[in-house]
Amino acid sequence: MGVSSGASAIKNFLQINPIADKLKPTKAKSTINTILAHLEAGRLKKAVSLLFSSPFPFDLPLYGHLFQLCSANRAIVEARKVESHLISYYDPPPTFLLNRAIEAYGNCRCVQDARELFDEMPHRDGGSWNALITAYAKGGFPREALGLFLDMNRSGVSPSEVTFASVLGSCGVLLELGFARVVHGFVVKLGYGGNVILASALVDVYGKCDEIVDARRMFDEIDRPNAVSWNVIVRRYLEVGDERQSILMFFQTIQTGVRPLTFTYSSALVACSTRQAFLEGIQIHGIVIKYRHEDDEKVATSLIDMYVKCNDVVSARKIFDQPSVKDLLSWTSMVSGYAMAGRLKEAQELFDKMPERSIISWNAILAGYVRFGQWEEAQSFIFKMRQNINDADGVTLNLVLNVSTALSDIECGSQAHAYIYRHGFESVIYVNNALIDMYGKCGALGRARICFHNMSGQRDTISWNSLMNSLAQQQMSMDVITMFREMQKETTPNEYTFSTLLAACANIYANNQGKQIHGFMIRNGYKIDDVILSALLVMYSKCGHLEYALKVLKNAKPGDATLWNSMIIGCCRHGKAREALDLFNLMKEIGVEPDNVTFQAVFNACICEGFVDEGKRYFDTMINDYGITVKLEHYECMINLYTRYGAMKELVKLLKMPFKPTMSMLTRIFDACKVYSNPRLAMWVAKKLN
DNA sequence: ATAGGGCAGT
């Protein structure tokens, strides 16, 4: 605002004061005392109505005082009365008081009143612009606030620090990065660069606009960041997904000696939860205690949640048991803690004790049953939910659909579908995706397709994956490959897409397509994780490209038997039994622990090549050296091996197994008895068959 | 004048 407008305010004051003095009778003295008494007692309404009914002007400071109180109490009617009184007895009214009036209207969220007064006032100064811009910014009209800022500059009034604060706030809401940069230049040019509040506001805008590097640069320029500055940088790091930096900045806050805001703990603790940073979480807990923030409900809930997410339910419970921190959210947090740890009985018990429950509390329990595959319990819980609350949200429906899918209960799924339709959850993408998944996995591909088509225009990668996955499971491999082409016109595939796609290629031995997909992934920089590696290996080995499969195996991190199993099975399938056994020996050398599937594959290799003695040795090794429990499948392999190559003595010994021989085993043995003429064993089999 | 938190699923 500068000197000139300040001077004009004083000039106004001097001009009108003599008039006011002339009009002020003794009666005013007693009235003003009554008004002050009302104000003292907090009776703003009475004070204003007395003012309003007094047909004479009062001292200017009284108006200022009244406007401020109207602001604080959001008393719009009173604010209008005070303004009306002021302009009736002072012509022109002093600008600084009208500015207070604009502020009051702004705080009452009556932008229209603020604007009208601003337009009608005889003299405007910088304060008037500030008041109006702030009114718009706070009133939820950030766009208009920015427009006014431009008008202000055009009219030659120079913005103050206060203006910039409001304007930067509005830039943050609108994610107006370009505007913010211009304002930043302005701030520096006018010499406000050292203002902590403005600098913090800039950190905030840059962070909100995802320009976290600029945000940090700005932050580092602040000489003495205050608690808000630290809060902003911790929060912004969290929201761009850099939890590590968020935590680091929190600890720097402490090192600088700044007492964190309670909000800041929440951000830092959420960061710990996401990263499962247990040790850091404990340290933050210590700081919470040091600064006596442990009784804050929100801080406590964040702590509980941090412990829960770091799998320390006991510590979570200790905080929860402190008397002052129990509210709906901490209850729910604790219940969810037990549920997610698989301690569903304890979760249920605590849930039953809750003084009140939200839909989130209900969902927490249901989510526990779903996560741990307790489908029957989940189903009866859903039933209980229906009886107790007449409410479901997107998460509930998603969970209900998961249960339906797992139980192949298309009836339950269709009921959920009807609910979704009636309550308008069709616009929720992940609910729709769950529907596609449910119908697809229940075998109702037609209905899955209908859901898929109904959400055209709002489909995401998961929608495509769901349908493709169901198609692949039902051997419609060509459709999967066709859909992949369609998919790329609309959205981007992810790792999950490729594992489905590669499985489909493997199913129909489409190794050319498989190879193309592999190349596509490499060219487009997709992460080749364990799941993809396994899918690639299965695809190559199934299609007989054993050399490619081997390359994949070499690139995988050692130690995972599954990949080796696929490789060994692939060798067997293509008549390379010797290589299969070499691989097994290599596995041993490298130190990869074989599992029961590995041995099944090894036995199959022996069957292919007629390695009877070797097969027997591997069988003994499995039991004696690896301590693997012999499963029926292993006996099946060995019986297959011995019968095919007439190792009747070994066969008889093997039949002392702890399983009842299956029908297919018995027929196989019986046939072998005929070929290798073993009437005694044949009799034994015949007896079993009867 | 700046910021403005915590619980359910994906």
Side-chain angles (χ1 to χ4, degrees), chain A residues 103 130-131 133-134 137-138 159-173 187 192 195-205 207-208 218 222 225-236 238-239 260-271 273 293 296-306 308-309 316 319-320 325 327-337 339-340 347 351 354 357-368 370-371 392-402 428-434 437 460-463 465-466 496:
Chain A
E103 272 168 26
N130 284 337
I133 290 175
T134 307
K138 278 194 187 155
S160 72
E161 291 163 288
V162 183
T163 322
F164 284 128
S166 281
V167 166
L168 286 171
S170 297
C171 291
V173 174
V187 168
Y192 298 140
N195 183 322
V196 188
I197 293 175
L198 295 184
S200 306
L202 280 164
V203 173
D204 190 52
V205 182
K208 277 184 177 147
M218 194 61 224
I222 306 179
N226 62 22
V228 174
S229 328
W230 285 106
N231 182 61
V232 166
I233 194 74
V234 169
R235 185 75 200 165
R236 297 280 79 95
L238 175 72
E239 284 186 352
L261 302 175
T262 52
F263 303 96
T264 318
Y265 294 107
S266 299
S267 304
L269 285 166
V270 168
S273 300
H293 277 132
D296 185 283
E297 283 170 356
K298 283 147 186 153
V299 172
T301 309
S302 304
L303 276 169
I304 292 172
D305 192 54
M306 181 276 296
V308 158
K309 298 255 163 71
I319 299 169
F320 178 73
V325 301
D327 70 352
L328 177 58
L329 267 76
S330 56
W331 271 96
T332 307
S333 230
M334 200 60 234
V335 164
S336 142
M340 290 305 144
F351 178 82
M354 284 179 83
R357 304 179 185 93
S358 68
I359 183 68
I360 299 180
S361 329
W362 287 87
N363 288 346
I365 297 270
L366 185 55
V370 167
R371 175 181 282 193
D393 66 1
V395 177
T396 319
L397 292 163
N398 192 39
L399 291 165
V400 169
L401 288 169
N402 288 341
V428 183
I429 295 176
Y430 69 83
V431 170
N432 241 314
N433 290 344
D437 192 56
D460 63 5
T461 305
I462 300 173
S463 324
N465 289 349
S466 295
Y496 190 91

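A note on names: the letters A, B, ... follow the listed sequences, proteins ahead of strands, and every chain is numbered from 1.
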Return no unless some side-chain N or O of [X] is found under 4.0 Å from OP1 or OP2 of [N].
X	N	value
A:Lys138	B:dT2	no
A:Lys208	B:dG4	yes
A:Arg236	B:dG4	yes

Just how far, in rounded Å, is [atom2] of [N] from [atom1] of [X]?
X	N	atom1	atom2	result
A:Ile319	B:dC7	CD1	C1'	14 Å
A:Trp362	B:dA8	CH2	P	18 Å
A:Leu401	B:dA8	CG	P	20 Å
A:Ile222	B:dA3	CD1	P	13 Å
A:Ile360	B:dC7	CD1	C1'	6 Å
A:Phe263	B:dG6	CZ	P	11 Å
A:Asp296	B:dG5	CG	P	13 Å
A:Leu198	B:dA1	CG	P	12 Å

Counting side-chain heavy atoms from CB outward, which of [options] is closest to [X]?
X	options	result
A:Val395	B:dA8, B:dG4, B:dT10	B:dA8
A:Asp393	B:dT2, B:dT10, B:dA8	B:dA8
A:Leu329	B:dT2, B:dC7, B:dT10	B:dC7

Looking at every strand, decide which applies to [X] at a 4.0 Å heavy-atom threshold: base, sugar-phosphate, or nothing.
X	result
A:Ile365	nothing
A:Val308	nothing
A:Ser229	nothing
A:Ser336	sugar-phosphate
A:Ser333	sugar-phosphate
A:Ser302	sugar-phosphate
A:Val228	base
A:Met306	nothing

Side-chain heavy atoms of A:Pro260 within contact of A:Trp230, under 4.5 Å: no
Under the side-chain contact (heavy atoms from CB on, under 4.5 Å) test, residues paired with A:Ser333 that sit two or more places apart: A:Thr301, A:Ile304, A:Asp305
[X] (side chain) donor-acceptor with [Y] (main chain) under 3.5 angstrom:
X	Y	value
A:Arg235	A:Ser267	no
A:Ser361	A:Ser358	yes
A:Ser200	A:Val228	no

Distance criterion of 3.5 Å, no angle test: do you see the side chain of [X] paired donor-to-acceptor with the base of [N]?
X	N	answer
A:Lys298	B:dG6	no
A:Ser266	B:dG6	no
A:Asn195	B:dA1	yes
A:Asp327	B:dG6	yes

Reference residue A:Leu198; test side chain to side chain contact (heavy atoms under 4.5 Å, CB included); the match among A:Val187, A:Ile222, A:Val167: A:Val187
